Amino acid sequence: MASIKQFQVTFDCAEPERLARFWCEVLGYVVPPPPAGFATWDEFQRSLPAEERDAWFACVDPSGVGPRLFFQRVPEGKAAKNRLHLDVRVATGLRGEERLAALEAECARLIPLGAVHVQTLYDGNDACIPMLDIEGNEFCLD
């Protein structure tokens, strides 16, 4: 049996393009080119039946290393805590005050984008900052 080489992370959400663009800013991802035959994503969206417009959006790691992120519109809102969340690794290898400072700097960068700071967890050596994205999905700065 062959091993899986690639995977994508799928988000159920209310506004796929808005959430995708938020995560592009967080992770340094990019919006891929529109489908063949379309000059822009807007042109592609206008080609779809009204009920299918803005139903999904995606973003990708420009280096090709990270997984594709796919955002699909669903009718229901978020009802409970995520069972899975992303850890955004911004302070790998750092400890103590240096780690905390790196995490706090990234938190300060993300708040103007619409992220919400939930709390800062710090024990004098290790730290992480739980946050919410623009649709209330939990993620951690790690």
Side-chain angles (χ1 to χ4, degrees), residues 1-123 126-142:
M1 181 179 224
S3 64
I4 296 172
K5 303 289 187 226
Q6 293 184 340
F7 68 95
Q8 76 177 9
V9 177
T10 300
F11 290 73
D12 290 348
C13 59
E15 296 180 73
E17 183 174 353
R18 181 173 175 251
L19 191 56
R21 291 187 183 280
F22 169 83
W23 281 103
C24 281
E25 291 295 322
V26 172
L27 300 174
Y29 272 39
V30 297
V31 174
F38 297 94
T40 66
W41 279 102
D42 286 339
E43 182 183 325
F44 170 74
Q45 291 292 340
R46 287 191 302 273
S47 76
L48 298 173
E51 65 276 4
E52 293 178 26
R53 290 182 192 144
D54 303 314
W56 62 270
F57 210 78
C59 59
V60 297
D61 178 354
S63 71
V65 174
R68 178 180 190 240
L69 302 182
F70 186 79
F71 303 85
Q72 61 188 7
R73 186 179 60 221
V74 295
E76 67 278 355
K78 184 174 177 295
K81 183 177 180 347
N82 296 9
R83 295 287 306 265
L84 172 81
H85 69 266
L86 300 182
D87 284 343
V88 179
R89 311 291 314 273
V90 298
T92 302
L94 301 179
R95 291 278 178 234
E97 293 294 323
E98 186 179 20
R99 179 176 176 79
L100 181 61
L103 295 174
E104 287 176 335
E106 184 65 3
C107 180
R109 184 183 79 85
L110 300 181
I111 288 172
L113 300 175
V116 175
H117 174 246
V118 175
Q119 64 181 326
T120 298
L121 302 172
Y122 180 57
D123 66 7
D126 201 7
C128 87
I129 300 179
M131 299 189 77
L132 302 175
D133 73 14
I134 59 175
E135 287 202 8
N137 299 302
E138 297 91 2
F139 69 98
C140 288
L141 298 180
D142 175 42

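Because the structure is predicted, anything quoted here is derived from the model rather than measured. Note: hydrogens, waters and symmetry copies are ignored here, and every other heavy atom, side chains too, is used.
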Notebook entry, point to check: For T10, does its backbone N or O pair with a side-chain atom of Q72 as donor and acceptor, under 3.5 Å?
Noted result: no
Check: W23 vs F11 aromatic rings, parallel, tilted or perpendicular, using cut-offs 30° and 60°?
Finding: tilted
Check: Which pair of heavy atoms, one from V26 and one from R109, lies closest together, and at what distance?
Finding: O-NH2, 3.1 Å
Check: Mind checking what makes salt bridge (Lys or Arg N to Asp or Glu O under 4.0 Å) contact with R46, not counting sequence neighbours?
Finding: none
Checklist line | Which atom of P16 lies closest to which atom of A55, heavy atoms considered | finding: CG-O, 3.7 Å
Check: Distance from Q6 atom CD to R68 atom CZ, nearest 0.5 Å?
Finding: 10.5 Å
Check: Heavy-atom distance under 4.5 Å between the side chains of L69 and L27, does that happen here?
Finding: yes
Checklist line | Distance (rounded to the nearest 0.5 Å) between F139 CZ and L84 CG | finding: 14.0 Å
Check: What closest approach, in Å, do P62 and G28 show between heavy atoms, and which atom pair accounts for it?
Finding: CD-O, 3.4 Å
Check: Do K78 and E135 come within less than 4.5 Å of each other through their side chains, counting heavy atoms only?
Finding: no
Next item on the list: Answer yes or no: does atom CD of E98 have more than 12 heavy-atom neighbours from other residues, nucleotides or ligands under 6.0 Å?
Entry: no
Checklist line | Heavy-atom check, side chain of E17 versus side chain of R21, under 4.5 Å | finding: yes
Check: Where do E97 and Y122 land on the side-chain contact (heavy atoms from CB on, under 4.5 Å) test, with the steps shown first?
Finding: CA-CA 9 Å; E97 293 294 323; Y122 180 57; 3.1 Å; yes
Note to self: Between S63 and D61, do the side chains contain a donor N or O and an acceptor N or O under 3.5 Å apart?
What the structure shows: yes
Next item on the list: Output all residues satisfying ring pair (Phe, Tyr, Trp, His ring centres under 6.0 Å) with Y29, sequence neighbours left out; order by chain, then residue number.
Entry: none
Checklist line | Sub-6.0 Å ring centroid separation between F71 and F57 | finding: no
Check: Can you tell me how far the NE2 atom of H117 sits from the CG atom of L141, to the nearest 0.5 Å?
Finding: 8.5 Å
Checklist line | Taking every non-hydrogen atom, the tightest pair across A102 and A91 | finding: CB-CB, 4.1 Å
Checklist line | Main-chain N/O of R53 paired with Q45 side-chain donor or acceptor, under 3.5 Å | finding: no
Notebook entry, point to check: Are any non-hydrogen side-chain atoms of N137 and H85 less than 4.5 angstrom apart?
Noted result: no
Next item on the list: Nearest 0.5 Å please: distance from the CG atom of L94 over to the CG atom of L100.
Entry: 11.0 Å
Checklist line | 4.5 Å side-chain heavy-atom contact, D142 and R99 | finding: yes
Check: Got a second to check how far R73's CZ is from D12's CG, nearest 0.5 Å?
Finding: 12.0 Å
Next item on the list: Kindly indicate whether the side chain of W41, heavy atoms from C-beta on, has any atom under 4.5 Å from the side chain of P35.
Entry: yes
Checklist line | Side chain to side chain, I111 and M131, heavy atoms closer than 4.5 Å | finding: yes
Check: So, the side chain of D87 versus the backbone of R89: is there a donor-acceptor pair under 3.5 Å, distance only?
Finding: no
Notebook entry, point to check: Who are the side-chain contact (heavy atoms from CB on, under 4.5 Å) partners of L121, not counting sequence neighbours?
Noted result: Q119, C128, P130
Note to self: How long is the straight-line distance from CZ of F70 back to SG of C13, given to the nearest 0.5 Å?
What the structure shows: 9.0 Å
